[in-house]
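The block underneath contains the structure these notes are about, expressed in structure tokens.
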Amino acid sequence: MPILGQGASFLRALPRRYVHKQRRALSAVSSALPKHIEILGQQYLTDLTTNITPAIISKIPLRLHTQPSHPLSTLRNLIESHYPDFAHLSSLSPLVTPFKNFDELSFPQDHPGRSVTDSYYINKDMMLRTHTSAHEVETFRRGETKWLLTADVYRRDEIDGSHYPVFHQVEGARIFNADASGMKEVEEDNERLSLHLARSNIIIEDVPHISPTNPVQPSHNPQFSEAVAKNLKLSLNSLMLEIFGAAAGANSEEPLRVRWIEAYFPFTSPSFEVEVMFQGKWLEILGCGVVRQATLDTAGVSNKIGWAFGLGLERIAMILYSIPDIRLFWSTDPRFLSQFEQGKITTFKPYSKYPSCFKDVSFWLPRNAALHENDFCDLVRDTAGDLVEDVKRIDEFTHPKTGKTSLCYRINYRSMDRSLSNEEINHVQNDVVTRLRDQFDVEIR
Ligand code: FA5
Ligand code: MG
């Protein structure tokens, strides 16, 4: 889909032109908010930053990665068993300060991920973590040197089959002594993993461990950093071999294709992302890199060097179980849930593909105003819940005389578990249109 903001993607900057309107719109929303909201049994004061919606609040207690037999829980266990000597953490609260989510990880002040269009704020001092990296500093501070941490994370994002505002990540990290003993440990591990991977039936495209556009950190010994980056890649390739290996072998006409690409994160360098070929397209499954020394310094850890990764559990589970739509993970339909058993990876059998139904909405924005696509998507998600399959902007037009901008969005509705009547969808669409008019002051065309 055409995307204005790539969610909190750390690589691409968001267009800033929507900020003005979004402030006006949000204050309109906030004025309708209660003074307090309750999350996990605690009361929080709201303020002008508050943008968390009831739809999101209702997902917080669910913690799918801990629900027995759920594909996300089986996948978490599979990953944990691949790293048996790592500490395994999975019960940290999703409420964090922006300081923890961003500042501790060297995010610049103007990073787009901080904005209310990209992240869910309870109030200006408290937000829902946008990634499991939010817990890196505290985990390193506890003295852990090899650890995995699984958690639910939250982002205001586009709506389609592979993006959902709540998803699950596994963060993994390993640090070595920054001396000859550490270097020896890395090299021995690299040798062991290389031998193991020589037997792989997965096609892996690689990029250099370090390059001018993906540099070693100034405080690092380049050879050491390169060996650590190599260890990270070997470790993740071996995880992917374990996770996907059986599937790739079983479907030998189409071996699994994986590629490494250079990336940018404020808290790692060099940095990478991994993509896997899924349904004919490259699907990004994880981000990773050599941990920025500032992170370890903040955690009070000295004389260490290491790597970290953060992978999206839903994306991997979709490939592994052949689950075609990310909304299905939230289904409580027994036809979905009863297909899975704890510890077993099975191919999902779609019980039916119900017909979809699309509705367009066209509107004029007020003069000199704009609407961020994430604000639009969040409104649709909060109104229509999981009945919405995807949202696309299909037209944008600025009137040459009045200078006013018109937008047209196509909302595609489809239920995962039943047929929808036209009447029901008209109702939902009416609610979307009414809220759009009330909250963003647009003129429906
Ligand atoms: C991060 O979140 C970094 N914290 C990863 C990281 C950790 C980098 C440690 C370096 C060191 P990113 O925004 O790319 O990066 O998200 C990581 C993964 O989460 C993606 O590759 C994807 O698999 C998954 N993901 C991201 N957005 C969504 C979404 N809206 N729905 C489902 N999965 C998503
Ligand atoms: Mg990414």
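Both counts, for ligands and for their atoms, begin at 1 and track the order of listing.
Not a single heavy atom of Glu158 sits closer than 4.0 Å to an atom of ligand 1. Residue contacts with ligand 1 include Ile326, since one of its heavy atoms falls under 4.0 Å from the ligand. Under a 4.0 angstrom heavy-atom cut-off, Trp307 registers as lying outside contact with ligand 1. Using a non-hydrogen distance threshold of 4.0 Å, Glu171 registers as a contact of ligand 1.
Under the 6.0 Å cut-off for aromatic ring centres, Phe167 and Phe329 do not qualify, their centroids lying 6.0 Å or more apart.
In this model, no donor atom of one side chain and acceptor atom of the other lie less than 3.5 Å apart for Tyr164 and Asp157.
Around the CG atom of Asn303, the shell of radius 6.0 Å holds no more than 12 heavy atoms that belong to other residues, nucleotides or ligands. Other residues, nucleotides and ligands place more than 12 heavy atoms under 6.0 Å from the CD atom of Gln67.
At under 3.5 Å, a nitrogen or oxygen of Gln169, whether backbone or side chain, sits near a nitrogen or oxygen of ligand 1.
The closest heavy-atom contact to atom 4 (N) of ligand 1, among the options Ser162, Ser133, Gly310, comes from Ser133. One option in His163, His131, Arg155 has a heavy atom closer to atom 13 (O) of ligand 1 than any other, and that option is Arg155.
In this structure, the side chain of Asp382 engages the main chain of Ala55 through a donor-acceptor pair within 3.5 Å.
Restricting Glu273 to its N, O or S atoms, the one at the least distance from the Mg ion (ligand 2) is OE2. Between the Mg ion (ligand 2) and the N, O or S atoms of Glu284, the shortest distance is to OE2.
Under the 30°/60° scheme for interplanar angles, the aromatic rings of Phe107 and Phe102 are found to stand perpendicular.
Salt bridge Arg335/Asp417: absent, no basic N to carboxylate O contact under 4.0 Å.
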